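Everything on this sheet refers to the single structure shown next.
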2 protein chains.
Amino acid sequence: MSERQAGRRVTIKDVARRAGVSVATVSRVLGVSNYPVAAATRDRVMKVVRELDYVTNAHARSLAGGGTPTVAILMNNITGAAFAHVAKGVEGAATLRGWLSLVGTTGDDPERELALVNAMRQQGVAAVVLLGGAYDRTEYQTRMGRFARSLDAAGSHLVLVGRPPLEGDVPATTVNYDNEAGAYAMASHVLSAGHRRVLVLPGPAGLTTAQGRLKGARRAFDAYGVPFDPGLVRHGSYDYEHGFSAVREVLARGADFTAVLAGTDVVAAGATQALKVTGLRVPDDVSVAGYDDIPLASHVTPQLTTVHVPYEEMGRVALRAVADRRAGDVLAGPGAGRPAEAEHLVLGTHVVVRDSVRPPRPGR
Amino acid sequence: MSERQAGRRVTIKDVARRAGVSVATVSRVLGVSNYPVAAATRDRVMKVVRELDYVTNAHARSLAGGGTPTVAILMNNITGAAFAHVAKGVEGAATLRGWLSLVGTTGDDPERELALVNAMRQQGVAAVVLLGGAYDRTEYQTRMGRFARSLDAAGSHLVLVGRPPLEGDVPATTVNYDNEAGAYAMASHVLSAGHRRVLVLPGPAGLTTAQGRLKGARRAFDAYGVPFDPGLVRHGSYDYEHGFSAVREVLARGADFTAVLAGTDVVAAGATQALKVTGLRVPDDVSVAGYDDIPLASHVTPQLTTVHVPYEEMGRVALRAVADRRAGDVLAGPGAGRPAEAEHLVLGTHVVVRDSVRPPRPGR
DNA sequence: TTGAAAGCGCTACCAT
DNA sequence: ATGGTAGCGCTTTCAA
């Protein structure tokens with residue numbers, strides 16, 4: 001292994017000089033296109049590349065026109081299991097195609113989100129994937145519209161995963177799951193088991209995800225002719241603590257219910273724990289249903305009956321969508337000015353029956 | 001919002017022309033250094049920047065000398081909670097300093113790991129952080145030594161998080177936690193509760209993490225004068241399934257034990273479940289101890305007594321180490337050829353007492 | 001099959 | 001305080 005001056009990167013010139021060829025030739029040997037180069041020359045170059053442990057400068061390559069396509073994945077929190085699975089899907093599909101992926105976290109801060117989108121634009125990423133539900137305000141629509149157009153103008157593209165499509169003619173792709181249908185199916189499952197008084201913990205009020213889950217549940221109640229009790233709906237964040245405290249408070253209030261429809265598996269875990277410490281057994285006394293089907297769902301006792309959301313696949317689909325789009329652009333030729341089309345993909349969800357839901361005990 | 005030809009990025013020249021100034025001036029207005037520019041000029045430039053929605057090309061900037069420092073975080077699996085927390089720590093600390101962070105996953109594949117390290121070298125990242133335990137073979141040492149030197153030669157730096165330091169004079173930084181001490185403390189806690197027959201599930205044989213946890217447990221057994229039964233040690237992967245099946249099999253074999261020392265919280269969750277389905281109560285009949293203290297530990301019932309590992313802080317510390325190193329380089333001046341020093345940082349662990357460990361029932 | 005040279009977009013140095 | 005311009009390392013015509 002040859003010693004070099006620390007910090008001074010080996011360049012294509014060093015390789016060319018040492019191999020006794022021009023930089024153009026080195027570039028051809030290393031480049032993606034299989035430009036014809038004499039076998040002997042190629043070998044000589046490769047030998048020097050190994051000796052010098054040379055790697056091309058991605059920035060220079062990118063500037064000069066080449067460059068590896070890159071996707072940026074932006075999420076609130078990398079430690080959220082559902083998001084992590086989407087990221088895994090995107091990353092896997094990206095790697096498969098030789099793409100690079102960046103991950104950035106916004107910490108739910110619009111400022112940081114903006115900064116990151118701009119940073120990604122600076123990097124010249126092929127696409128920016130934004131993960132997670134959104135608070136549906138007008139301001140949000142405006143903001144995303146701006147992102148979409150901004151990215152589009154720079155030859156990039158915005159992909160929204162897990163949020164509803166943007167209104168109007170915005171150049172963004174949406175990958176979503178049938179959130180409301182999942183909630184409808186889960187609620188139906190609980191109602192058809194015979195439950196009539198059920199506590200609903202949809203999630204944060206105003207979050208599109210929570211709204212969809214609540215709406216789905218409501219539709220099921222209507223379908224079963226079961227009156228929907230607003231007193232049995234508690235909004236709150238998608239975390240264990242909320243599940244726990246919501247159940248404790250409702251119980252303390254003396255409210256009566258035989259099942260809990262939780263907004264996420266984590267909330268369901270919190271609810272279950274609250275029930276247990278109160279001396280109620282799950283599912284013997286009270287049933288609990290989750291949503292998401294993250295690994296936690298099968299790691300708690302009883303294992304949660306929940307709604308499976310194909311998070312990882314959503315990630316794969318999202319990447320495929322941008323990759324296809326890009327291939328299309330290439331076919332159409334540069335500057336073809338393809339109209340800013342918006343694509344909406346929706347994946348299915350389904351109930352996974354495990355052990356946390358059971359018919360209510362007779363007399364309750 | 002002005003319409004521009006799709007795909008053609010706005011450049012500094014466009015801004016300069018429209019603002020009626022030179023590109024140098026625009027660069028000064030937008031650059032990091034606060035080079036003196038007349039307020040009026042600055043305003044004019046900024047106005048055009050906003051009008052054109054201009055962002056600098058990170059590749060060009062990077063090539064020309066400027067550029068945002070970037071850390072790359074490489075891990076096996078983004079969905080592992082422990083790793084995700086380290087990544088969060090790195091990311092947070094990076095953002096705080098205006099650094100960018102990339103995340104890549106290797107899927108436990110050495111090929112992919114190599115490809116990623118090279119990709120990161122191409123990107124000219126300031127540091128590559130490698131997460132997670134390692135299989136301690138000679139080949140591994142060689143491999144990492146190569147990575148370290150390669151990165152070092154390119155002015156970058158290798159940081160190993162959660163693995164032991166490399167042997168010899170290798171230019172790499174290590175950030176680790178006191179793995180063995182944590183295991184020792186956990187085992188002591190269990191032994192001091194009175195347990196004498198305990199099932200140990202250290203993790204994958206050959207993984208440094210698992211070796212350390214086993215060694216720590218062993219030392220505690222010695223200290224308590226409790227014979228260590230090799231028949232009560234089961235290696236296996238760090239997942240729920242292993243915890244579950246290991247306990248089932250040992251139980252089926254008719255082996256007797258009153259406590260389980262699991263290699264991770266996830267394994268502990270699996271073990272707990274196996275115990276429960278066999279009709280054994282936790283912790284009444286059998287105690288279970290975890291390791292890692294990821295959120296899952298407090299989401300299961302009973303909440304796990306476990307070893308807290310400061311994952312997120314390790315991430316922060318790792319980033320700080322490279323950032324300081326870099327600042328040192330700047331002070332020393334370019335090409336100062338600082339010796340390739342290896343820094344080893346170790347953070348503490350401690351037992352978190354919750355509900356899964358209790359003295360064995362009398363007579364057992 | 002190979003080489004020479006013109007940029008890619010930006011920063012930093014040297015002038016003014 | 002501002003402008004001109006030489007590179008940064010690479011890819012890609014255009015010539016030979």
Side-chain angles (χ1 to χ4, degrees), chain A residues 4 7-45 48-49 52 54-69 119 121-124 153-155 334-335, chain B residues 4 7-46 48-49 52-69 119 121-124 154-155 330 334-335:
Chain A
R4 327 214 94 253
R8 191 1 204 96
R9 277 179 73 159
V10 178
T11 73
I12 197 172
K13 272 189 197 158
D14 298 323
V15 176
R17 196 175 314 123
R18 196 128 123 106
V21 298
S22 71
V23 295
T25 300
V26 176
S27 175
R28 282 168 192 142
V29 170
L30 267 34
V32 280
S33 77
N34 29 28
Y35 194 97
V37 177
T41 311
R42 176 180 301 272
D43 290 348
R44 196 142 34 90
V45 170
V48 174
V49 164
L52 261 37
Y54 168 78
V55 288
T56 41
N57 180 323
H59 298 301
R61 170 176 284 184
S62 188
L63 235 204
T68 318
R121 205 142 59 92
Q122 292 183 15
Q123 299 290 324
Chain B
R4 324 217 95 249
R8 185 15 198 91
R9 275 179 75 160
V10 178
T11 74
I12 197 172
K13 272 187 197 159
D14 299 323
V15 177
R17 196 174 316 125
R18 193 118 119 102
V21 297
S22 71
V23 294
T25 300
V26 177
S27 176
R28 282 168 193 139
V29 171
L30 265 35
V32 280
S33 77
N34 30 27
Y35 194 97
V37 176
T41 312
R42 176 179 301 273
D43 291 349
R44 195 143 32 92
V45 170
M46 287 311 293
V48 174
V49 165
L52 262 35
D53 197 16
Y54 168 79
V55 289
T56 41
N57 180 323
H59 299 300
R61 168 177 283 183
S62 185
L63 237 203
T68 318
R121 204 141 61 90
Q122 292 184 15
Q123 299 290 322
V330 171

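Quick note: numbers below take in every heavy atom, side chains included, and nothing from hydrogens, waters or symmetry partners. Given the structure is predicted, the values throughout are model-derived calculations rather than measurements. Sequence lines set the chain letters: A, B, ... in the order given, protein chains first and strands last, and positions in each chain run from 1.
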side-chain N/O B:S22 vs D:dT2 OP1/OP2, d < 4.0 Å: no
Which donor-acceptor pairs under 3.5 Å do side chains of residues 56-67 of chain B form with protein atoms, sequence neighbours excluded?
unit_1	atom_1	unit_2	atom_2	d
B:N57	OD1	B:H59	N	2.7
B:N57	OD1	B:A60	N	3.1
B:H59	ND1	A:H59	ND1	2.9
B:H59	NE2	A:S62	OG	3.2
B:H59	NE2	A:Q123	O	2.8
B:S62	OG	A:H59	NE2	3.3

Closest to side chain of B:K13, choosing from C:dG9, C:dC8, D:dT2: C:dC8
Near-strand residues of residues 54-63 of chain A, defined as heavy-atom separation under 4.0 angstrom from DNA chain D: A:Y54, A:T56, A:N57, A:A60, A:R61, A:L63
Touch class at under 4.0 angstrom, heavy-atom based, for A:T11 against every strand present: sugar-phosphate
For residues 19-28 of chain A, dump all side-chain donor-acceptor pairs below 3.5 Å to protein atoms at least two apart in sequence or in another chain.
unit_1	atom_1	unit_2	atom_2	d
A:S22	OG	A:A24	N	3.4
A:S22	OG	A:T25	N	3.3
A:S22	OG	A:T25	OG1	3.2

Distance, nearest 0.5 Å, that separates CG of A:L52 from OG1 of A:T11: 9.0 Å
pair A:V45-A:V48: side-chain heavy atoms closer than 4.5 Å: no
Sub-4.5 Å side-chain heavy-atom contact between B:D53 and B:V10: no
Nucleotide D:dG9, atom P - distance to CG of A:L52 in whole Å: 14 Å
Whole angstrom value for the distance that separates P of C:dC10 from CZ of B:R17: 12 Å
Side chain of B:V23 (C-beta onward), nearest among D:dG3, C:dT11, D:dA1: C:dT11
Scan the side chains in residues 34-43 of chain B for donor-acceptor partners under 3.5 Å anywhere in the protein, sequence neighbours excluded, and list what turns up.
none

Where A:Y54 and A:L30 come nearest, the two heavy atoms and their spacing: CE2-CD2, 3.4 Å
Inter-axis angle, terminal five-pair segments of the helix from C:dT1-D:dA16 to C:dT16-D:dA1 [nearest 10°]: 40°
Residue pair A:R121 / A:A154: nearest heavy atoms and the distance that separates them: CG-CB, 4.0 Å
Euclidean distance, atom CD of residue B:Q123 to atom P of D:dC10 [Å, nearest integer]: 13 Å
Sugar-phosphate, base or nothing in reach of A:V26, heavy atoms under 4.0 Å: nothing
Closest listed nucleotide, where the reference is the side chain of B:A38 and the choices are C:dG3, D:dC8, D:dA1: D:dA1
Grab the N/O contacts between the protein and nucleotides 13-16 of chain D below 3.5 Å, and write none if there aren't any.
unit_1	atom_1	unit_2	atom_2	d
D:dT13	O4	A:R28	NH2	3.0

